[in-house]
Structures are given as structure tokens and as C-alpha cells.
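Quick note on labels: first sequence line is chain A, next is B, and so on, each numbered from 1.
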Protein chains: 2
Amino acid sequence: MKTQLKKGALELCVLAVLARGDSYAYDIVNQLSRSMAISEGTVYPLMRRLQDEAWVSTYLVESSSGPSRKYYRLTPAGHAALAAMQTEWREFVSEIDSVLVPSSASLELPQ
Amino acid sequence: MKTQLKKGALELCVLAVLARGDSYAYDIVNQLSRSMAISEGTVYPLMRRLQDEAWVSTYLVESSSGPSRKYYRLTPAGHAALAAMQTEWREFVSEIDSVLVPSSASLELPQ
DNA sequence: CCATGTACTTTGTAATGCAAGGTATTTGGC
DNA sequence: GCCAAATACCTTGCATTACAAAGTACATGG
């Protein structure tokens with residue numbers, strides 16, 4: 001159920017994580033896990049998609065605690081995509097909120 | 001692309017529209033069209049799902065301008081589902097925003 | 001040497017948005 | 001009377017994506 005809400009937003013989240021610095025899939029999963037439920041089976045195919053879109057480039061780095069890590073780095077196109085998706089995200093949230101609270105554009109923030 | 005973001009949120013939107021008063025699918029599409037892109041092929045199957053969940057009940061009303069309208073009315077369970085989904089929605093937005101802006105919990109609202 | 005943690009990947013399933021197409025009713029123009 | 005347009009319903013098939021589950025491989029410690 002909540003699963004459906006995530007569709008499309010996770011891509012944005014991964015790009016946002018990479019904007020803070022290069023990382024590898026296993027670590028991205030761990031970073032996102034602090035904020036939300038996320039599984040490996042979601043992220044690995046997503047990384048492939050980002051690569052196919054040329055939004056990330058990759059390089060391998062050997063690890064002393066396991067197999068080599070495949071690092072992902074945002075390309076210029078990736079940065080542009082991130083910016084576009086952030087705008088899209090805000091528009092999307094506004095759209096939904098305008099349906100939920102049709103008379104007012106601003107929301108109270110309980111916490 | 002934007003399509004993916006909508007997954008799961010449209011159900012919430014339809015329930016929110018129905019909370020403001022009984023309506024029929026064709027009209028719900030038109031109401032939501034003011035705020036967002038939405039198509040009939042999305043809404044009709046969605047209405048069926050809401051019925052299967054017993055979140056809405058239906059009744060027919062004849063129209064003088066076309067075929068009979070199938071009105072949907074929120075059941076008590078539907079109202080409860082709406083409340084739960086609104087909470088879920090706010091939590092979801094907070095989660096994503098916390099990934100996008102990791103250092104601060106509050107956002108500036110440009111407009 | 002074997003369990004645990006790290007790290008990558010693939011396969012199949014479920015959910016859902018949408019385009020496209022189809023049916024039926026009413027009204028209004030020609 | 002007839003035909004287009006608006007109203008209103010519905011279905012089929014496709015694409016996308018989240019996830020569980022399973023599998024592979026390396027490193028370390030008991």
C-alpha cells in the first residue's frame with residue numbers, strides 16, 4: 001500500500017543521496033533505510049536504470065571488508081535530472097495537497 | 001515519468017473528493033482534472049477497487065443529459081481509510097523531504 | 001571450516017496509471 | 001429523420017516499478 005506511493009520517488013531519493021557524494025548501492029540502501037523502508041531488490045535495478053539514462057557513471061573500488069564496491073557518480077545530466085525531479089516533486093505534492101485541502105494552499109505542520 | 005509518482009496517491013485523491021460529497025466517476029475525473037492530469041482509464045478501475053474494499057457504496061441516479069450516473073458514497077470504512085491515508089501521505093512526504101533536505105526538517109515555501 | 005557480514009545481481013509477482021477502444025443515452029443542427 | 005457531439009459507462013493490454021526471494025562471491029573470526 002505504502003509501496004505504491006514510493007513509485008517514482010525513490011529514483012529522486014537515490015539521486016539526492018548521490019548529490020551529497022559518490023556512493024555504492026549497498027551503502028545507498030543503508031542511508032535511505034534511516035528515513036524509509038527500502039529493499040535491495042528495489043535499488044539494484046534502479047541503479048541500472050540510472051546508468052541506462054546516463055545519469056550516473058560508475059567505477060570500482062576494492063574493499064577490505066568484502067567484495068569490490070561499485071561506486072556511482074552523478075553525471076551533469078544526472079544533476080539536471082535531479083533538479084528537474086525536485087521541481088516535479090514539489091509540484092506533485094502541491095497538486096495532491098490542493099485536492100486534500102481545496103480551500104487553502106498552506107498546511108499546518110503538527111510536529 | 002510523472003505517472004509513477006501518482007501511484008497510490010490517486011486513491012487518496014478520489015477518497016478526498018468523495019469526502020466533500022457523493023459523486024460519479026465521470027465527474028470525479030473532471031474535478032481532479034482541475035488540479036492534475038488524470039484519465040478515465042485510471043479512475044474506473046480505481047472505483048471498482050474502492051467498492052471491493054467496501055470503502056464506497058453506490059446508487060444510480062438518472063440524468064437528463066445522458067446515461068444514468070453511478071454515484072459513489074464514502075462508507076464509514078471509507079472515511080477511516082481516508083484518514084489513515086492522509087496520515088500516511090504526510091508521513092511519506094516528510095520521509096522524502098528528509099532525504100532531499102537531510103539537515104533540516106522544515107522547508108521554505110517559495111509561494 | 002563454517003557462520004556472519006559485506007556486496008552484487010537476477011527472477012518472478014503484484015500493483016496501478018494510461019492509451020485506446022468500445023457501448024449507450026441525450027441533445028441539437030441540418 | 002439523421003448524424004455529430006457531449007455525457008457517461010466500461011474493458012483490454014501495455015509499461016513501469018517496488019519487493020521478496022534466491023543466488024553468487026569475498027573477507028573475517030571463532
Side-chain angles (χ1 to χ4, degrees), chain A residues 1-15 22-33 35-53 55-56 58-72 85 88-89 92 95-96 99, chain B residues 1-15 22-33 35-53 55-56 58-72 85 88-89 92 95-96 99:
Chain A
M1 206 158 271
K2 191 116 173 246
T3 291
Q4 297 304 319
L5 278 181
K6 293 186 199 165
K7 305 233 168 165
L10 292 185
E11 200 169 68
L12 168 61
C13 290
V14 168
L15 291 177
D22 297 2
S23 187
Y24 51 101
Y26 189 84
D27 182 56
I28 292 170
V29 170
N30 286 332
Q31 284 191 50
L32 290 180
S33 291
S35 300
M36 58 205 302
I38 181 79
S39 86
E40 285 189 32
T42 301
V43 171
Y44 283 102
L46 197 161
M47 301 317 293
R48 173 75 52 175
R49 271 179 266 145
L50 297 183
Q51 237 180 306
D52 292 344
E53 301 278 358
W55 290 344
V56 296
T58 67
Y59 55 94
L60 287 176
V61 174
E62 290 187 38
S63 165
S64 61
S65 65
S68 289
R69 297 163 174 169
K70 187 193 275 185
Y71 273 79
Y72 297 87
M85 291 176 84
E88 233 178 40
W89 166 251
F92 171 69
E95 282 176 8
I96 303 297
V99 173
Chain B
M1 208 159 269
K2 189 117 174 246
T3 292
Q4 297 303 318
L5 278 181
K6 294 186 200 167
K7 304 232 168 168
L10 291 186
E11 199 169 68
L12 168 61
C13 290
V14 168
L15 291 177
D22 297 2
S23 188
Y24 51 101
Y26 189 84
D27 182 58
I28 293 170
V29 170
N30 285 332
Q31 284 192 50
L32 290 179
S33 291
S35 301
M36 59 205 300
I38 182 82
S39 83
E40 286 189 30
T42 301
V43 171
Y44 283 101
L46 198 161
M47 300 317 292
R48 172 74 53 173
R49 273 180 265 143
L50 297 183
Q51 237 179 307
D52 291 344
E53 300 279 357
W55 289 343
V56 296
T58 67
Y59 56 94
L60 286 176
V61 174
E62 289 186 38
S63 165
S64 60
S65 66
S68 289
R69 298 163 174 169
K70 187 194 273 184
Y71 273 79
Y72 296 87
M85 291 177 86
E88 235 177 38
W89 166 251
F92 171 69
E95 281 176 9
I96 303 298
V99 173

Item to complete: Please round to the nearest 0.5 Å and tell me the distance separating atom CD of A:Gln51 and atom OG1 of A:Thr58.
Response: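 Interatomic distance, A:Gln51 CD to A:Thr58 OG1, rounded to 0.5 Å: 4.5 Å.
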Worksheet entry | Whichever of B:Ser64 and B:Glu40 has its nearest DNA chain C nucleotide further upstream toward 5' |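 The residue whose closest nucleotide sits nearer the 5' end is B:Glu40.
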Worksheet entry | Which residue lies more 5' along DNA chain C, comparing A:Gly66 with A:Asp27 via nearest heavy atoms |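 Per heavy-atom nearest nucleotide, the more 5' residue is A:Gly66.
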Practice prompt. For a ring pair (Phe, Tyr, Trp, His ring centres under 6.0 Å) with B:Tyr24, tell me which candidate from B:Tyr44, B:Tyr72, B:Tyr71 qualifies.
Written response: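 Only one of B:Tyr44, B:Tyr72, B:Tyr71 forms a ring pair (Phe, Tyr, Trp, His ring centres under 6.0 Å) with B:Tyr24, namely B:Tyr71.
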The side chain of [X] is closest to which nucleotide in this list: [options]?
X	options	value
B:Leu46	C:dC8, C:dG17, D:dA8	C:dG17
B:Ser63	C:dT10, D:dA8, C:dG17	D:dA8
B:Pro45	D:dC19, D:dT11, D:dT7	D:dT11
B:Gln4	C:dG17, D:dT17, D:dC19	D:dT17
A:Arg69	C:dC8, C:dT25, D:dC9	C:dC8

Worksheet item: Base, sugar-phosphate, or nothing: which does B:Ser65 touch, judged by heavy atoms less than 4.0 Å apart?
Response: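 Since only primed, P, OP1 and OP2 atoms lie under 4.0 Å of B:Ser65, the category is sugar-phosphate.
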Item to complete: Answer yes or no: is there a donor N or O on one side and an acceptor on the other, between the side chain of B:Lys2 and the main chain of A:Phe92, under 3.5 Å?
Response: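 Not a single qualifying donor-acceptor pair exists.
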Discussion item. Given 3.5 Å as the limit, does a donor-acceptor pair link the side chain of B:Lys6 with the main chain of B:Ala37, or not?
Written reply: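 Confirmed, B:Lys6 side chain pairs with B:Ala37 backbone.
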Worksheet item: Which whole-number value in Å describes the distance from A:Leu12 CG to D:dT16 C1'?
Response: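 After rounding, the reported distance stands at 17 Å.
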Worksheet item: Expressed in angstrom and rounded to an integer, what is the separation of B:Arg49 atom CZ from C:dC18 atom P?
Response: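 In whole Å, C:dC18 P and B:Arg49 CZ are 11 Å from each other.
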Worksheet item: More 5' along DNA chain D: A:Ala37 or B:Pro67, using each one's nearest nucleotide?
Response: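 The 5'-side residue here is B:Pro67.
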Worksheet item: If you pin B:Tyr24 and B:Gly41 to their nearest nucleotides in DNA chain D, which one's is more 5'?
Response: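 Counting from the 5' end, the first nearest nucleotide belongs to B:Tyr24.
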Worksheet item: What about B:Lys7, does its side chain sit under 3.5 Å from the base of D:dT17 through a donor-acceptor pair?
Response: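 Between D:dT17 and B:Lys7, which were checked side chain against base, a qualifying N/O pair under 3.5 Å is absent.
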